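Residues: numbered from 1 along the sequence shown. Quick caveat: nothing in here was measured; it's all calculated off a predicted structure. No hydrogens, no waters, no symmetry mates; every other heavy atom, side chains included, goes into these values.
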Amino acid sequence: MGKKLVVANWKMHGNMAENKRLLQAYINQLSSLKNTDVVVCVPYPYLAQAQSMLQNTNIAWGAQNLSKDAVGAHTGEVSAAMIKDFGASYVIIGHSERATAYCESDENIATKFVQAQAHGLTPILCVGETLIEREAGVMQMVVGKQLDTIISTYGAAVFAKSVVSYEPIWAIGTGLAASSDQAQSMHEFIRGKVAMLDKEAAASMKILYGGSVNPQNAVQLFVMQDIDGGLVGKCSLNAQEFEQICRVAA
Ligand code: PGA
């Protein structure tokens, strides 16, 4: 198992002054962190701020979405190249808050995944089931289908060095995280599915867990064999809690 990865997902939070405080706290508290990669995914308007504060630190930055198109008449969209222009190295793709509220299809998500890679951004692909799907026992089928759209169009090799984040929808922002066994079992399924087609890709991809990660549950989650780190929403807005989560990973 390689280095762990902890990604902050600020969602639609922040302003120049608050971000400055939060990023400075991240920098101060995490500069001595070893063995863990840390990324903060900010709203688009703050990519420049993230770049100016985080360059030459051990913290990378990224965006929370990107356009499936490279360039053109797409009012309101932001391309991979534009994100890259601000020195970003990661981009979240297919977060359930977007998939449901903005009708993002699996096909669009697949296009975004390769669009990100084509521009040197590491995609953080979010997958996960609803509570109804879990209760019906079809969670692996649901997550499998989300991965299949990418695999059937672009092959399993595109998962090499990418990031997949298992985010059960019922665990996001609810305070009710998946248990370490529930998460491990899904992570094992995801890695196994890619490994059946491409062992190297499966070994080099990172699989994060996301959904109500906090400093307490991170202890149980991050020791599991196939959990390579976390995607952290709410607790990433609190520098102390975020630091604690990163220290657990390290
Ligand atoms: P949460 O969000 O940590 O607030 O549950 C995680 C996410 O949506 O990425």
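Taking each heavy atom of Ile109 and Leu125 in turn, the nearest pair found is CG2-CD1, 3.4 Å. Counting all heavy atoms, side chain and backbone alike, Tyr26 lies closest to Ser236 at OH-O, 2.5 Å. For the pair Gln184 and Gln225, the tightest heavy-atom approach, listed with the atom from each and the gap, is OE1-N, 3.5 Å. Looking at every heavy atom in both residues, Val158 comes nearest to Phe113 through O-CE2, 3.5 Å. Ala218 and Ile245 make their closest contact through CB-CG2, 4.4 Å (heavy atoms, listed as atom of the first residue, atom of the second, distance). Across all their heavy atoms, Cys246 and Thr36 have their closest contact at O-OG1, 4.1 Å.
Under a hydrophobic clustering in which Ile, Leu, Val, Met, Phe, Trp and Tyr are joined whenever their side-chain heavy atoms come within less than 4.5 Å, directly or via other members, Ile190 and Val142 fall into different clusters. Hydrophobic clustering of Ile, Leu, Val, Met, Phe, Trp and Tyr side chains at less than 4.5 Å, counting indirect connections, keeps Val6 apart from Leu208. Under the 4.5 Å side-chain heavy-atom criterion for Ile, Leu, Val, Met, Phe, Trp and Tyr, Val40 and Met12 are members of distinct hydrophobic clusters. Note: the hydrophobic cluster containing Val213 also contains Met224 (ILVMFWY, side chain heavy atoms under 4.5 Å, direct or indirect links). Note on Phe222: it clusters hydrophobically with Leu33, by side-chain heavy-atom contacts below 4.5 Å among ILVMFWY residues.
Note: Ile169 CD1 to Thr174 OG1 = 11.5 Å, rounded to the nearest 0.5 Å. Atom CD in Gln140 sits 5.0 Å away from atom CZ in Phe189 (nearest 0.5 Å). For the atom pair Gln115 CD and Asn108 CG, the distance stands at 11.5 Å (nearest 0.5 Å). Taking CD1 from Ile227 and CD1 from Ile207, the interatomic distance works out to 9.5 Å, rounded to the nearest 0.5 Å. Here Ile93 contributes atom CD1 and Lys68 contributes atom NZ; the two are 13.5 Å apart, rounded to the nearest 0.5 Å. Between atom CG of residue Leu22 and atom OH of residue Tyr46 there is a gap of 12.5 Å, rounded to the nearest 0.5 Å.
By the 4.5 Å heavy-atom criterion applied to side chains, Asn65 and Ile92 are not counted as neighbours. When side chains are defined from C-beta on, Cys41 counts as touching Val7, because their heavy atoms get closer than 4.5 Å. With contacts defined as side-chain heavy-atom distances shorter than 4.5 Å, the pair Val164/Ile124 does not qualify. The shortest side-chain heavy-atom distance between Trp10 and Asn19 falls under the 4.5 Å cut-off. With contacts defined as side-chain heavy-atom distances shorter than 4.5 Å, the pair Phe242/Leu30 qualifies. At a threshold of 4.5 Å between non-hydrogen side-chain atoms, the residues Met186 and Glu129 count as touching. Between Leu131 and Glu135 the shortest side-chain heavy-atom distance falls below 4.5 Å. Between Val78 and Ser67, every side-chain heavy-atom pair lies at or beyond the 4.5 Å cut-off.
His95 and Gln64 form no side-chain donor-acceptor contact under 3.5 Å, judged by distance and modelled atom types alone. Using a 3.5 Å distance cut-off with no hydrogens or angles, the side chains of Glu188 and Ser185 do not pair a donor with an acceptor.
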Quick one: do Thr149 and Glu107 satisfy side chain to side chain contact (heavy atoms under 4.5 Å, CB included)? Show the steps, please.
-> CA-CA 6 Å; Thr149 312; Glu107 288 71 24; 4.0 Å; yes
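With hydrogens and angles ignored, the 3.5 Å screen pairs a side-chain donor or acceptor of Lys84 with a backbone N or O of Gly120. In this structure, Tyr209 contributes its side chain and Gly211 its backbone to a donor-acceptor pair below 3.5 Å. At distances below 3.5 Å, at least one donor-acceptor pair connects side-chain atoms of Ser204 with backbone N or O atoms of Lys161. Judged by distance alone, with hydrogens and angles left aside, the side-chain atoms of Thr57 form a donor-acceptor pair with the main-chain N or O of Ile59 at under 3.5 Å. In terms of modelled atom types and a separation under 3.5 Å, the side chain of Glu241 and the main chain of Asn238 share no donor-acceptor contact. Remark: side-chain polar atoms of Glu200 are not paired, donor with acceptor, to backbone N or O of Ala160 under 3.5 angstrom. Asp69 places no side-chain N or O within donor-acceptor distance of the main-chain N or O of Val71, the cut-off being under 3.5 Å. Under the 3.5 Å distance criterion, the side-chain polar atoms of Gln146 are matched with a main-chain donor or acceptor of Gly128. With Ser212 contributing its side chain and Ala171 its backbone, the two residues share a donor-acceptor pair below 3.5 Å. Looking only at distances, no side-chain donor or acceptor of His119 sits under 3.5 Å from a matching main-chain atom of Leu121.
Classification of the His187-Tyr166 ring pair by plane angle, with boundaries at 30° and 60°, yields perpendicular.
One finds no salt bridge joining Lys4 and Asp37 here, because no Lys/Arg side-chain nitrogen approaches an Asp/Glu carboxylate oxygen to under 4.0 Å. Using a 4.0 Å cut-off between charged nitrogen and carboxylate oxygen, Asp228 and Arg191 count as a salt-bridge pair. Contact check on Glu104 versus Lys112 returns a salt bridge, with a Lys/Arg side-chain nitrogen under 4.0 Å from an Asp/Glu carboxylate oxygen.
Aromatic pair Tyr154/Phe159: ring centres not closer than 6.0 Å.
Among the candidates Ile172, Asn9, Leu231, Val163, the single residue satisfying the side chain to side chain contact (heavy atoms under 4.5 Å, CB included) test with Cys126 is Leu231.
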